[in-house]
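Quick notes on the structure that follows.
Atoms within a ligand are numbered from 1 in the order they appear, just like the ligands themselves. Since the structure is predicted, the reported quantities are computational estimates derived from the model, not experimental observations.
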Amino acid sequence: MDTKTKKRLVLSVVFFCFLKTHVSLAADSITANQSLSGDQTIVSAGGIFELGFFTPGNSSKFYVGIWYTKQLVSERTIVWVANREKPVSDKFSSVLRISDGNLVLFNGSKIPVWSTNLTSSSAATALLLDTGNLVLREGSSNSTSEPLWQSFDHPAHTWLPGARIGFNTVTKQTQILTSWKSSEDPAPGLFSLELDPKGSHAYFIRWNRSRQYWSSGPWDSKSKLFSWVPEMRLNYIYNFSFVTNATESYFTYSLYDPKIISRFVLNTSGQIQQLTWLEPSRQWNLFWSQPRQRCEVYDLCGAFGTCNDVSTVSCNCLNGFEPKAKRDWDLQDYSGGCKRKTDLHCENATSASGKLDRFLELPSMSLPENEQSVEVGNIAECESFCLRNCSCTAYSYNASGCSIWEGELLNLQQLTSSVDHGITLYLRLAASEFKNSKSNNKGLIVGVAAGSAAGVAVLLGLIVFVILGQRKRSSRPRSNNRSTASSQTKNSPSSTISKRSEEHQ
Ligand SMILES: *[C@@H]1O[C@H](CO)[C@@H](O)[C@H](O)[C@H]1NC(C)=O
Ligand SMILES: *[C@@H]1O[C@H](CO)[C@@H](O)[C@H](O)[C@H]1NC(C)=O
Ligand SMILES: *[C@@H]1O[C@H](CO)[C@@H](O)[C@H](O)[C@H]1NC(C)=O
Ligand SMILES: *[C@@H]1O[C@H](CO)[C@@H](O)[C@H](O)[C@H]1NC(C)=O
Ligand SMILES: *[C@@H]1O[C@H](CO)[C@@H](O)[C@H](O)[C@H]1NC(C)=O
Ligand SMILES: *[C@@H]1O[C@H](CO)[C@@H](O)[C@H](O)[C@H]1NC(C)=O
Ligand SMILES: *[C@@H]1O[C@H](CO)[C@@H](O)[C@H](O)[C@H]1NC(C)=O
Ligand SMILES: *[C@@H]1O[C@H](CO)[C@@H](O)[C@H](O)[C@H]1NC(C)=O
Ligand SMILES: *[C@@H]1O[C@H](CO)[C@@H](O)[C@H](O)[C@H]1NC(C)=O
Ligand SMILES: *[C@@H]1O[C@H](CO)[C@@H](O)[C@H](O)[C@H]1NC(C)=O
Ligand SMILES: *[C@@H]1O[C@H](CO)[C@@H](O)[C@H](O)[C@H]1NC(C)=O
Ligand SMILES: *[C@@H]1O[C@H](CO)[C@@H](O)[C@H](O)[C@H]1NC(C)=O
């Protein structure tokens, strides 16, 4: 394994060098009286990156983006997108050109849909560099003047070597990574990776720019690593550096061996991945990723969705619920969450036919957000308290008392291992959902069946847990208390990078 991977890397390096001299050089810039349209592209001088129109996945919409040239990375890999939120419907009638000192994308009706938005700019050339940076400058393409605008300052979901992630307190510019919504929609999703704006010198991954669910821990400039990412100690591929002064703070990185093709990407499921292209196998090789478990990503499955770390599908709707946006859900964009199949009796006071709502028992669930505790004597009182209040959607009862939840249930996780105890959640559903349970047969657990079904679930969970334990001995079972997620990251040196690093040595 040791020498094999090494060989692979050497091979890809050799291939890279070969390319550098044999790719025929196409134009690497768009100048004042040129434009880009249809299948036209520009290619960086060394034949590494290409810019043009593309459609993500099966989408029929067109975006202007930057990708590695086919000769270098055979799998089309988009590293930057201009008009993330404003696709055009036809690439042949759309035009990317310099207009009034800006790079502007015009759609088929000659309406500008995306622009670099500089005021009083005299930029005349947009040049694609071998770093993957698109720069806008005055003068011709061989001008060396400071860029007036550069794509590296406006990253999408990919962090390339040489680019910065940080902020400038004077210009108020920030460089953050934001996930795509789905594999077919590069519009900004809910997840972002940024430098802690409060100045802790740590990276955060956040949900909706607010809720933090992963942190790198503060940067230790002496040992050049993040305190909660101890596996960086074994890294000899990435040369991270941190700059901070009165005006700006940022991280950047380079590769000790600049011929290695590597990138960071914040993927659609809210995890940061570090990937390296291996030419012989012609695929991206995962080097490192965080957070380790997908269910650590905050609210990955949306309202009334439930996350599962061990099944092949990350997210399911709770029983009695269905995806709000089916198509997005199928593309693994779960952010829309789930909606009730049948309205609650409570919510429609005029309905005379409806029966009282009932509660579905859900064993081994993690604690949802925003619980409220209620002072009652027993589980029956807990249930009737919840039933009385239309805004109560679920309750739970244990030795320490009664808890209720109102409105949407967020950040739910289905726990399967007997080690992660979890709680039994009682979910409010319309009575008719229980009658339908046989025809739906989605495993509604009602009344007497609850006990035995729960037993089976625990047994299944145990089996899965044992299998998983054998597979990845190093990854620990998750605690169901989310506030410990970051400290857990701190304490558990992850396996991937260290293993891989050893391989390369
Ligand atoms: C525009 O194109 C013409 C002919 O193709 C060329 O002579 C001229 O230098 C170009 N102007 C600029 C500003 O690039
Ligand atoms: C794209 O469409 C093809 C053919 O309809 C299908 O096989 C494939 O799974 C689709 N890909 C995605 C990402 O939806
Ligand atoms: C161009 O954009 C404008 C404004 O968004 C829109 O009204 C128009 O339909 C678009 N034209 C085409 C051909 O897409
Ligand atoms: C440019 O400015 C317009 C209007 O202020 C804004 O709608 C648009 O989002 C901006 N585009 C970019 C790429 O920042
Ligand atoms: C830029 O390139 C043009 C030809 O493409 C050349 O005439 C000019 O001297 C170059 N300028 C500089 C500063 O190298
Ligand atoms: C994200 O935050 C904004 C306010 O900052 C809020 O309006 C929006 O509803 C939030 N999105 C979700 C999915 O909660
Ligand atoms: C690592 O990066 C720093 C800052 O960019 C640079 O000064 C240093 O030479 C690099 N180290 C190596 C070994 O490439
Ligand atoms: C901060 O650091 C940057 C990059 O090293 C430098 O360009 C800038 O002048 C510095 N600003 C101050 C106020 O020191
Ligand atoms: C995101 O990254 C994680 C960790 O590498 C991976 O397990 C997951 O499948 C990725 N998600 C997508 C949608 O590619
Ligand atoms: C409430 O009940 C009435 C009569 O049964 C029905 O027409 C209406 O659609 C219901 N409203 C909701 C929100 O379910
Ligand atoms: C139901 O919940 C709402 C929102 O918390 C609260 O204002 C109301 O007093 C509750 N009703 C009862 C009967 O407890
Ligand atoms: C009881 O449940 C609450 C939340 O519903 C939880 O915080 C608490 O730890 C549980 N206590 C016991 C003893 O399981």
Checklist line | Contact check, Gln273 vs ligand 9, heavy-atom distance below 4.0 Å | finding: yes

Next item on the list: Give a yes/no on whether the SG-to-SG distance for Cys315 versus Cys307 is below 2.5 Å.
Entry: no

Using atom types as modelled and distance alone, determine if a side-chain donor or acceptor of [X] lies under 3.5 Å from a backbone N or O of [Y].
| X | Y | value |
| --- | --- | --- |
| Asp299 | Asn411 | yes |
| Arg84 | Pro186 | yes |
| Ser216 | Val229 | no |
| Thr125 | Leu127 | no |
| Ser366 | Leu412 | no |

Per-atom contacts, ligand 3 versus [X] - under 4.0 Å to a heavy atom:
| X | result |
| --- | --- |
| Asn107 | 1 (C), 2 (O), 3 (C), 8 (C), 10 (C), 11 (N), 12 (C), 14 (O) |
| Ser109 | 1 (C), 8 (C), 10 (C), 11 (N), 12 (C), 13 (C) |
| Gly108 | 13 (C) |

Check: Heavy-atom contacts under 4.0 Å between Ser89 and ligand 3: side chain, backbone, both, or neither?
Finding: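 The side chain, only.
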
May I ask you to identify the nearest protein heavy atom to [atom], giving residue, atom name and distance to one decimal place in Å?
| atom | answer |
| --- | --- |
| atom 2 (O) of ligand 9 | Asn267 ND2, 2.2 Å |
| atom 11 (N) of ligand 9 | Ser269 OG, 2.7 Å |
| atom 5 (O) of ligand 8 | Val243 CG1, 3.9 Å |
| atom 7 (O) of ligand 8 | Glu248 OE2, 3.8 Å |
| atom 13 (C) of ligand 9 | Thr268 OG1, 3.2 Å |
| atom 3 (C) of ligand 9 | Gln271 OE1, 3.2 Å |

Next item on the list: Return yes when at least one protein heavy atom is under 4.0 Å from atom 9 (O) of ligand 8, and no when none is.
Entry: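 No; the ligand atom in question lacks any protein heavy-atom contact below 4.0 Å.
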
Notebook entry, point to check: Going by an N to O cut-off under 4.0 Å, is there a salt bridge joining Glu194 and Arg209?
Noted result: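 A salt bridge is present here (some side-chain N lies under 4.0 Å from a carboxylate O).
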
Next item on the list: Verify the neighbour count for atom CD of Glu248: are there more than 12 heavy atoms of other residues, nucleotides or ligands below 6.0 Å?
Entry: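 Above 12, so yes.
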
Notebook entry, point to check: Which one of Ser183, Ser289, Ser314, Pro291 has a non-hydrogen atom at the shortest distance from atom 4 (C) of ligand 9?
Noted result: Ser289

Notebook entry, point to check: Counting heavy atoms only, which of Asn245, Val170, Thr169 comes nearest to atom 14 (O) of ligand 8?
Noted result: Asn245

Note to self: Quick check on side-chain contact (heavy atoms from CB on, under 4.5 Å): which of Ile176, Val265, Thr178, Ile165 does Leu193 satisfy it with?
What the structure shows: Ile165

